Colleague: 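One structure is given below, represented as structure tokens, and several questions about it will come after.
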There are 2 protein chains.
Amino acid sequence: MILASILSAEALQNAGRGPLYMKLRQVLEEAIRGGKLEQGEALPPERDLAEIADVSRVTVRKAVDDLVRDGLLVRRHGSGTFVSKPVSKVQQSLSRLTSFTEDMARRGFTTRAELLERGIFHPTTEEMVMLGLSAGTQVARISRLRMANDTPLAIERASISTEFLPEPENVTTSLYEELDRTGARPVRAIQRISACNVKEADAELLGIPAGAAGLSIERVSYLASGRVVEFTRSLYRGDAYDFVAEMTLGENDAAP
Amino acid sequence: MILASILSAEALQNAGRGPLYMKLRQVLEEAIRGGKLEQGEALPPERDLAEIADVSRVTVRKAVDDLVRDGLLVRRHGSGTFVSKPVSKVQQSLSRLTSFTEDMARRGFTTRAELLERGIFHPTTEEMVMLGLSAGTQVARISRLRMANDTPLAIERASISTEFLPEPENVTTSLYEELDRTGARPVRAIQRISACNVKEADAELLGIPAGAAGLSIERVSYLASGRVVEFTRSLYRGDAYDFVAEMTLGENDAAP
DNA sequence: AAGTGGTCTAGACCACCAT
DNA sequence: TGGTGGTCTAGACCACTTT
């Protein structure tokens, strides 16, 4: 076992300072980043690691926990712990309003969407405010898990006034295509981008560990008339998605 | 102790399903979000929590770990565990190129910057590529911890060709002000925004737990001539900063 | 000095996966 | 069935803060 020398109790003594689990974490991290452990390769079982490094299994788990959170390792229950294959990043330009489907197609990715929810519901207070719904009206909701090349990339939860999308079941691939058909394609959108730690349930859908960083994007789309068409919350995998924005210096503030 | 009833062993039995630490986490989370625990209020000591809920201290720590990672609780070594005060979010528009200082001043925040590093150095390979430096030339670096109303908000690490910033020690508040003075104020910039889990060292500077979500922003700024002026990596607290982008639908792709 | 969080241990049992 | 990760325990000692 090659790792025996890297992880020997003596090696740990000489590793960086701090608690044992940090030293162990650091040694493992260097082994991974340094290529001593190849992508997809299995780590020794936790019990073996504990014996090799002469620490308790709890300490091994704490070190591995960190590396899993950082995305360097992947645990598979009952199977083992493996060095992850890095996900290549995808970029989206912010200067142009496009749908996820159009966006990915342009890059040559095959996209797929798994339907999580689709139908007509009673609006939440937030939906009423964002979409400008009057009391008693209903709202169409479409929640989808977006995949690019069969890797989950984002969860998208869209709310649309039934006025513009009376038949949500017609939406199969692109929401914007269907809005085109109903004559309600938005021409302007405002996005709010922030970072968050992905909660357990969403993390499971995206295939990432709970607590991993995600890009949360709230988008409100407008018709030329100024009316709000849709309100979408998306959650992108932080390790797989970049947003690119071009900005210019000038006195031209945002359009009305 | 009010918590005794909320956290009693029986209450835990009836809480959501899953492992003990998840139930405990959920009960605590509901108590916090439901306002049963006020902001700034101290949680009972871990040992007490363990006894109240009739679980081991390790299990209590695992539940609390999660809530600390999510930012609902703050641990203070030797002092206690407290319900965090939420940080109000700040927004930055992406449609206009502004400096941090200008940006915050417009919102009425008082800003302060703690200098982390400032001087002239040998460039890294990345800096040479990004700034288009020729071999043997040097690079000016300014790293600062940005604060708004005395709360750390971002770490900013800027690299500038010495051609445009021969005397980095002149930069006190705004980098752009100094570039204005040397006649090298950029007119265009491209930003790449992504989410990441903040590493220990940076987390400490920002006053957030390691692993919390951060917005990583890489910015390359250009002169009107097209030359690159600066290359900046910023790391914003995910819980305190939003980026807002306005987009329009159209055939107008990004400018050359 | 007393109380708090931070780390660590040895051992146990369960749930899942491969064979 | 045997090996793997997932959870849990009781108890110990250390480091830091408060009094």
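Quick caveat, the model's predicted, so the values are computed rather than measured. Only this structure's heavy atoms are used, side chains among them; waters, hydrogens and symmetry mates stay out. Letters go in sequence order (proteins before strands), and every chain restarts at 1.
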Colleague: Can you name the side chain to side chain donor-acceptor pair (under 3.5 Å) partners of A/Ser79, sequence neighbours left out?
Modeller: none

Colleague: I'd like to know if B/Glu218 pairs up with B/Arg192 as an ion pair, taking the criterion as any Lys NZ or Arg NE/NH1/NH2 lying under 4.0 Å from an Asp or Glu carboxylate oxygen.
Modeller: no

Colleague: Whole angstroms only, please: what is the CZ-C1' distance between A/Arg75 and D/dT4?
Modeller: 11 Å

Colleague: Go nucleotide by nucleotide along DNA chain C from the 5' end; which of A/Thr59 and B/Asp65 gets its closest nucleotide reached first?
Modeller: B/Asp65

Colleague: Between residues 201-208 of chain A and DNA chain D, which residues have a heavy-atom gap below 4.0 Å?
Modeller: none

Colleague: Which is more 5' along DNA chain D, the nucleotide nearest A/Glu46 or the one nearest B/Ser56? Just name the residue.
Modeller: A/Glu46

Colleague: What distance separates A/Leu43 CG from A/Leu28 CG, expressed to the nearest 0.5 Å?
Modeller: 6.0 Å

Colleague: Who are the salt bridge (Lys or Arg N to Asp or Glu O under 4.0 Å) partners of B/Glu126, not counting sequence neighbours?
Modeller: B/Arg233

Colleague: First and last nucleotide of DNA chain C in contact with chain A, 5' to 3', at under 4.0 Å to a heavy atom: what are they?
Modeller: C/dT7 to C/dC17

Colleague: Can you sort out the partners of A/Glu200 under side chain to side chain donor-acceptor pair (under 3.5 Å), two or more places apart, ordered by chain and number?
Modeller: none

Colleague: Describe, as an angle rounded to 10 degrees, how the axis at the first end of the helix from C/dA1-D/dT18 to C/dA18-D/dT1 is tilted relative to the axis at the last end, five pairs per end.
Modeller: 10°

Colleague: Looking at every non-hydrogen atom in both residues, tell me the closest pair between A/Glu156 and A/Ser234 and how far apart they are.
Modeller: CG-OG, 3.5 Å

Colleague: Run the side-chain contact (heavy atoms from CB on, under 4.5 Å) test against A/Asp202 and tell me which residues pass, sequence neighbours left out.
Modeller: A/Ile155, A/Arg157, A/Val198, A/Leu205, A/Leu235

Colleague: Minimum heavy-atom separation for A/Val74 to A/Ser84, with atom names?
Modeller: CG2-CB, 3.6 Å

Colleague: Separation of A/Arg47 atom CZ from D/dG5 atom P, in whole Å?
Modeller: 7 Å

Colleague: Closer to the 5' end of DNA chain C via nearest nucleotide, is it B/Gly80 or A/Tyr21?
Modeller: B/Gly80

Colleague: Could you list, one pair per line, each protein nitrogen or oxygen that sits under 3.5 Å from a nitrogen or oxygen of nucleotides 1-3 of chain D, together with the distance?
Modeller:
from, atom 1, to, atom 2, distance (Å)
D/dG3, N2, A/Gly78, O, 2.8

Colleague: Within the 4.0 Å heavy-atom criterion, would you say A/Arg76 contacts the bases, only the backbone, or no part of the nucleic acid?
Modeller: sugar-phosphate

Colleague: B/Thr232: which residues meet the side chain to side chain donor-acceptor pair (under 3.5 Å) condition with it, sequence neighbours left out?
Modeller: B/Glu230

Colleague: Under the side-chain contact (heavy atoms from CB on, under 4.5 Å) rule, collect the residues that match up with A/Arg141, sequence neighbours excluded.
Modeller: A/Glu117, A/Phe121, A/Thr124, A/Glu127, A/Val139, A/Ser159

Colleague: Restricting to non-hydrogen atoms, name the atom on B/Leu116 and the atom on B/Arg144 that form the minimum distance, rounded to 0.1 Å.
Modeller: CD1-C, 3.9 Å

Colleague: Only counting residues at least two apart or in another chain, list the ones meeting side-chain contact (heavy atoms from CB on, under 4.5 Å) with B/Asp66.
Modeller: B/Tyr21, B/Arg25, B/Arg69

Colleague: In chain order, what residues pass the side-chain contact (heavy atoms from CB on, under 4.5 Å) check against B/Val68, with sequence neighbours excluded?
Modeller: B/Val64, B/Leu73, B/Arg75, B/Pro209

